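Quick notes on the structure that follows.
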Amino acid sequence: SAVISQKPSRDICQRGTSLTIQCQVDSQVTMMFWYRQQPGQSLTLIATANQGSEATYESGFVIDKFPISRPNLTFSTLTVSNMSPEDSSIYLCSVGFVGESDEQFFGPGTRLTVL
Amino acid sequence: QKEVEQDPGPLSVPEGAIVSLNCTYSNSAFQYFMWYRQYSRKGPELLMYTYSSGNKEDGRFTAQVDKSSKYISLFIRDSQPSDSATYLCAMKMFSGGYNKLIFGAGTRLAVHP
């Protein structure tokens, strides 16, 4: 298993600004992912954060809007750029281990409100 | 059509009831099936994980997979108020070089004393 922390836990931001969310894991992990959970919606994968290379983005998400860094095997950041009220959501970091089950563990999430 | 369909509820049951939560899916490439539980203002936690068709039990929880019908279920026996949470089904498939999770919308469950 893994213990995952996210900062900030919540924030209220103004339209047009950017917010960087941090994800810290207590052990080295193979995979790190960023998800978005909008009210009443399912979790949607934004991108896979790759250590030492550019993130892999899912359809509908682009690097200019959601730049991601992963400088090592225990840390990643997601930036939500040029925010609009439509970006109000919960952003979740998830980690996974390569193995039989490839189980994924989730952080507590960052609740973002854009005014 | 969504790849994974899940009734969002809410579902309200009395304590001690048997709860049935369901998801359907359309993609035959899904290989693994999971149920996550998410308490309010927390991240999802893995509850059950299955691969093959059939039943898997863990305490009061039973996960059922029917690949021929593309249908999965989670049964909760003797439900408790502490089971009140949102339950998300998730399917895993190998895509783009790594395993990818596709989630249902989640069913909100309330168990009242």
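Every value quoted in this text rests on a predicted model; they were computed, and no experiment measured them. Below, chains carry the letters A, B, ... as their sequence lines are ordered, and counting in each starts from 1.
- No path of Ile, Leu, Val, Met, Phe, Trp and Tyr side chains, each step under 4.5 Å between heavy atoms, connects Phe33(A) with Leu73(A), placing them in separate hydrophobic clusters.
- Here the CD1 atom belonging to Ile90(A) is positioned 8.0 Å from the CZ atom belonging to Arg41(B), to the nearest 0.5 angstrom.
- Interface remark: Tyr51(B) contributes no atoms to any contact with chain A (heavy atom separation under 4.5 Å).
- Residues Tyr35(A) and Leu46(B) fall within the same hydrophobic cluster, defined by Ile, Leu, Val, Met, Phe, Trp and Tyr side chains chained together at heavy-atom separations under 4.5 Å.
- The contact between Glu58(A) and chain B is made entirely by side chain atoms (from C-beta outward), counting heavy-atom distances below 4.5 Å.
- Hydrophobic cluster membership differs between Val19(B) and Phe75(B), with clusters built from Ile, Leu, Val, Met, Phe, Trp and Tyr side chains linked at under 4.5 angstrom.
- In this structure, Val80(A) shares a hydrophobic cluster with Leu19(A), Ile21(A), Trp34(A), Ile46(A), Tyr57(A), Phe61(A), Ile63(A), Phe66(A), Ile68(A), Leu78(A), Met83(A), Tyr91(A), Leu112(A), Val114(A), the cluster being traced through Ile, Leu, Val, Met, Phe, Trp and Tyr side chains under 4.5 angstrom apart.
- For the atom pair CZ (Phe105(A)) and CD (Glu45(B)), the distance works out to 11.0 Å, reported to the nearest 0.5 Å.
- Residue Leu43(A) touches chain B through both its backbone and its side chain, counting heavy-atom pairs closer than 4.5 Å.
- Both the backbone and the side chain of Pro44(B) come within less than 4.5 Å of a heavy atom in chain A.
- In the hydrophobic clustering of ILVMFWY residues, with side-chain heavy atoms under 4.5 Å counting as a link, Val4(B) and Leu11(B) come out together.
- Closest approach of Leu92(A) and Gly43(B) over heavy atoms only: CD2-CA, 4.0 Å.
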Inset, instruction - Could you check Gln104(A) against Leu101(B) for side chain to side chain contact (heavy atoms under 4.5 Å, CB included), going step by step and ending with a plain yes or no? - result: CA-CA 9 Å; Gln104(A) 282 191 27; Leu101(B) 286 183; 3.5 Å; yes

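- When the heavy atoms of residues 102-113 of chain B are compared with those of chain A, the residues falling under 4.5 Å are Phe103(B), Gly104(B), Ala105(B), listed by number.
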